[in-house]
Every structure is written in C-alpha cells, then in structure tokens.
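All remarks here apply to the structure that follows.
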Number of protein chains: 2
Amino acid sequence: MRLNNIKKMGLVKTEIFTDLQNEIALFAKVFGHPARVAILQHLFKINACYCGDLVNEIGLAQPTISQHLKELKHLGLIKGNVEGTSVCYCINIANWTKMKETMVQFLNQDISIIEDCC
Amino acid sequence: MRLNNIKKMGLVKTEIFTDLQNEIALFAKVFGHPARVAILQHLFKINACYCGDLVNEIGLAQPTISQHLKELKHLGLIKGNVEGTSVCYCINIANWTKMKETMVQFLNQDISIIEDCC
DNA sequence: CTATTAAATCGTAACATTGCGATTAAACAA
DNA sequence: TTGTTTAATCGCAATGTTACGATTTAATAG
C-alpha cells in the first residue's frame with residue numbers, strides 16, 4: 001500500500017521491521033517538521049497555492065520551502081503544476097486518504113485497551 | 001494541550017509556528033522511527049512488557065531500545081514501572097488518547113476538499 | 001535577443017539522530 | 001559482602017536534517 005517512490009531511512013535498520021512499520025514511520029517523519037505541517041494546513045485552507053505564497057505565509061527562505069515541498073511531493077501527498085514561471089501546489093487527495101487510513105489505524109490501536117497496567 | 005515536558009527541536013525555527021503545529025510535529029516525530037512504532041504496537045498487543053522483552057522482540061541492542069523508550073516516555077505516551085531489577089513498560093492511555101485527538105483532527109482536514117485543484 | 005520573475009538545485013555550516021560497546025546504577029540473591 | 005541480573009547512561013562514529021546564500025533553470029515579457 002505504499003504511495004510514491006519511498007526512500008530509505010539512512011542509518012535506520014529498516015530491514016528488521018515490517019513494511020507497515022516502515023511505512024508508518026515514513027509518513028510520520030514527513031509530519032515531523034512544523035513547516036511541513038503548516039504547508040499542508042495552508043494548502044487545505046486555500047485549496048491551492050504557489051510556492052511564493054508559502055514563502056510569504058510561513059516565513060522561511062525560498063530554498064527552504066522548496067525543500068520541504070519536495071519532500072511532501074516525494075511522498076505523494078501533494079502535487080505541483082507548472083503555470084508559467086510559477087508552480088501551483090495542492091493536496092493529492094487520493095494519496096492523502098490512503099495515508100490517513102494507515103495512520104488512523106495505527107492511532108486506533110488503543111480501542112481494545114481498557115486501562116493502564118502499571 | 002501539551003502532554004509532558006516538551007523539548008525544543010534543535011535547528012528548527014519553532015518560534016515562527018503555532019503551538020499546535022509544533023505539537024503535531026513533535027508527536028509525528030516520535031512515530032517517525034520504525035523501532036518506536038514497533039515498540040508501541042508490541043505494548044498494545046501484550047499490554048505491558050519489560051525492556052528486555054522488547055530487546056528480544058525487536059532485535060536492536062539494549063541501549064538502543066532504552067533510548068527509544070526514553071523518547072516515548074518523555075512525550076508521555078508510555079509509562080515505566082520498576083519491578084525489582086526489571087522495568088515494566090505500558091501505554092499511557094490518557095495521553096495516547098489526547099495525542100490521538102490532535103493527530104486525527106490534523107489528518108481529517110481533507111473532509112471539506114472535494115477534488116484536486118491541478 | 002535581453003530582462004524579469006519564480007522556483008529548483010547546489011553547497012555548506014550547524015546541529016540532530018541512530019546505533020552500539022562499555023560502563024554504571026539499582027535491586028536482589030546467596 | 002559478593003555475585004547476578006536488568007536497564008540506564010556515557011561516549012562516539014556514521015549519517016541525516018535544517019536552513020539559507022548563491023546559482024541555475026525555465027518561462028514569459030518587452
């Protein structure tokens with residue numbers, strides 16, 4: 001159920017974990033930076049926007065925003081469309097939904113637990 | 001709505017983001033490693049277990065597991081109880097539930113979006 | 001063609017993360 | 001007290017991440 005071309009995790013010993021565990025970690029990792037959280041929130045809010053809008057909105061330098069957009073795009077969560085000299089970014093709903101299912105299932109593990117053990 | 005003593009994010013310019021954005025990023029970051037995903041899944045599955053069990057179950061060295069447990073504990077998602085020479089770990093359900101609410105709300109941002117823009 | 005504009009890429013400094021061997025600390029047993 | 005067991009901590013090597021100035025690329029305007 002992986003989305004786009006999923007990259008390796010460097011030092012992490014991915015081979016000793018299941019595909020699902022690695023997939024959850026990769027999705028979570030991309031949310032593990034407030035700039036990427038902010039980019040996604042903004043894209044959801046205004047539906048589509050240019051890279052430059054995000055630079056103004058968020059307040060990080062253009063190369064930094066570009067780098068964060070690249071990571072989101074690489075995981076398949078956003079799409080970028082060239083319009084003249086600008087690039088219009090928006091959420092990839094189909095992939096977002098797939099990702100959401102995986103993550104919500106992970107977060108809902110607690111439904112069978114009644115109370116703490118210790 | 002933050003749980004435990006939340007730490008800074010190093011190079012990350014946290015001050016330009018909202019508390020919620022930083023909180024989502026911190027939660028996501030802790031899930032951003034398959035070992036921590038595996039630890040949480042195992043704790044949910046068997047309800048409580050010793051550090052040594054996790055070392056056998058997961059296959060990373062004891063200091064490495066100990067370090068991952070420390071991060072989960074620091075965020076408040078697990079509790080550790082000393083029992084003789086062992087330490088029994090389990091999920092902190094109350095904090096897990098709070099975290100889940102925050103994350104699910106973030107993941108459900110897509111409910112208003114009908115289709116892709118570009 | 002020559003600007004101009006917008007965004008990607010390059011290069012790099014500062015810092016963080018991962019993993020583990022070695023050691024320490026704490027509880028208990030004999 | 002002296003082992004033994006279990007887990008935390010220390011220290012460090014290898015690698016990743018973040019941020020941004022400088023540069024390049026690509027599209028368009030004049």
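These numbers come from a predicted model, not from an experiment.
- Ser66(A) comes within 4.0 angstrom of a base, heavy atoms only.
- The side chain of Lys29(B) places no N or O atom within less than 4.0 Å of a non-bridging phosphate oxygen (OP1 or OP2) of dT17(D).
- In this structure, His68(B) places its NE2 atom 6 Å from P of dT18(C), rounding to the nearest Å.
- The phosphate of dA8(C) has OP1 or OP2 within less than 4.0 Å of a side-chain N or O from Tyr89(A).
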*May I have the step-by-step check of side chain to side chain donor-acceptor pair (under 3.5 Å) for Gln109(A) and Gln41(B), ending in yes or no?*
CA-CA 8 Å; Gln109(A) 279 175 106; Gln41(B) 285 177 332; 4.7 Å; no

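- Atom-to-atom, CD1 of Ile65(B) to P of dG21(C) comes out at 13 Å; the value is rounded to the nearest Å.
- For Asn56(B), the side chain to side chain donor-acceptor pair (under 3.5 Å) criterion is met by no residue, not counting sequence neighbours.
- Here the P atom of nucleotide dT9(D) and the CD atom of Glu71(B) are 13 Å apart, to the nearest Å.
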*Take Cys51(A) and Tyr89(A), measure what side chain to side chain contact (heavy atoms under 4.5 Å, CB included) needs, and give me the verdict at the end.*
CA-CA 7 Å; Cys51(A) 176; Tyr89(A) 282 98; 4.1 Å; yes

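- Residue His33(B) has a polar side-chain atom (N or O) positioned under 4.0 Å from OP1 or OP2 of dG19(C).
- The distance from atom CZ of Phe31(B) to atom P of dT18(C) is 14 Å, rounded to the nearest whole Å.
- If you take CG of Leu69(A) and C1' of dT17(D), they are 16 Å apart, rounded to a whole angstrom.
- The distance between atom CG of Leu72(B) and atom P of dA8(D), rounded to the nearest whole Å, is 12 Å.
- Whole-Å rounding puts the Leu11(A) CG to dA16(C) C1' distance at 11 Å.
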Can you check nucleotides 20-30 of chain D for protein contacts, nitrogen or oxygen pairs under 3.5 Å, and list what you find?
residue : atom : partner  : partner atom : Å
dC20(D) : OP1  : Lys13(B) : NZ           : 2.3
dC20(D) : OP2  : Ala61(A) : N            : 3.1
dC20(D) : OP2  : Thr64(A) : OG1          : 3.3
dC20(D) : N4   : Gln67(A) : OE1          : 3.4

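- Ring geometry for Phe31(A) against Phe106(B) counts as perpendicular: the plane angle is over 60°, on a 0 to 90° scale with 30° as the lower cut.
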For residues 57-67 of chain A, run the donor-acceptor check on the side chains, cut-off 3.5 Å, and write out each pair with its distance to 0.1 Å, sequence neighbours left out.
residue  : atom : partner  : partner atom : Å
Glu57(A) : OE1  : His42(A) : NE2          : 3.4

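- Listed by chain and residue number, nothing satisfies the side chain to side chain donor-acceptor pair (under 3.5 Å) test with Thr85(B) (two or more places apart in sequence, or in another chain).
- Remark: side-chain polar atoms of Asn47(B) are not paired, donor with acceptor, to backbone N or O of Leu43(B) under 3.5 angstrom.
- Across the protein-nucleic acid pair, Ile16(A) atom CD1 and dT18(C) atom P stand 13 Å apart, rounded to whole Å.
- The distance from the CE atom of Met99(A) to the CD1 atom of Ile24(A) is 12.0 Å, given to the nearest 0.5 Å.
- Partners of Val30(A) by side-chain contact (heavy atoms from CB on, under 4.5 Å), not counting sequence neighbours, listed by chain and number: Arg36(A), Glu71(A), Leu72(A), Leu75(A), Leu77(A).
- For residues 50-57 of chain B, proximity to DNA chain C is found at no residue, defined as any non-hydrogen atom under 4.0 angstrom from a strand atom.
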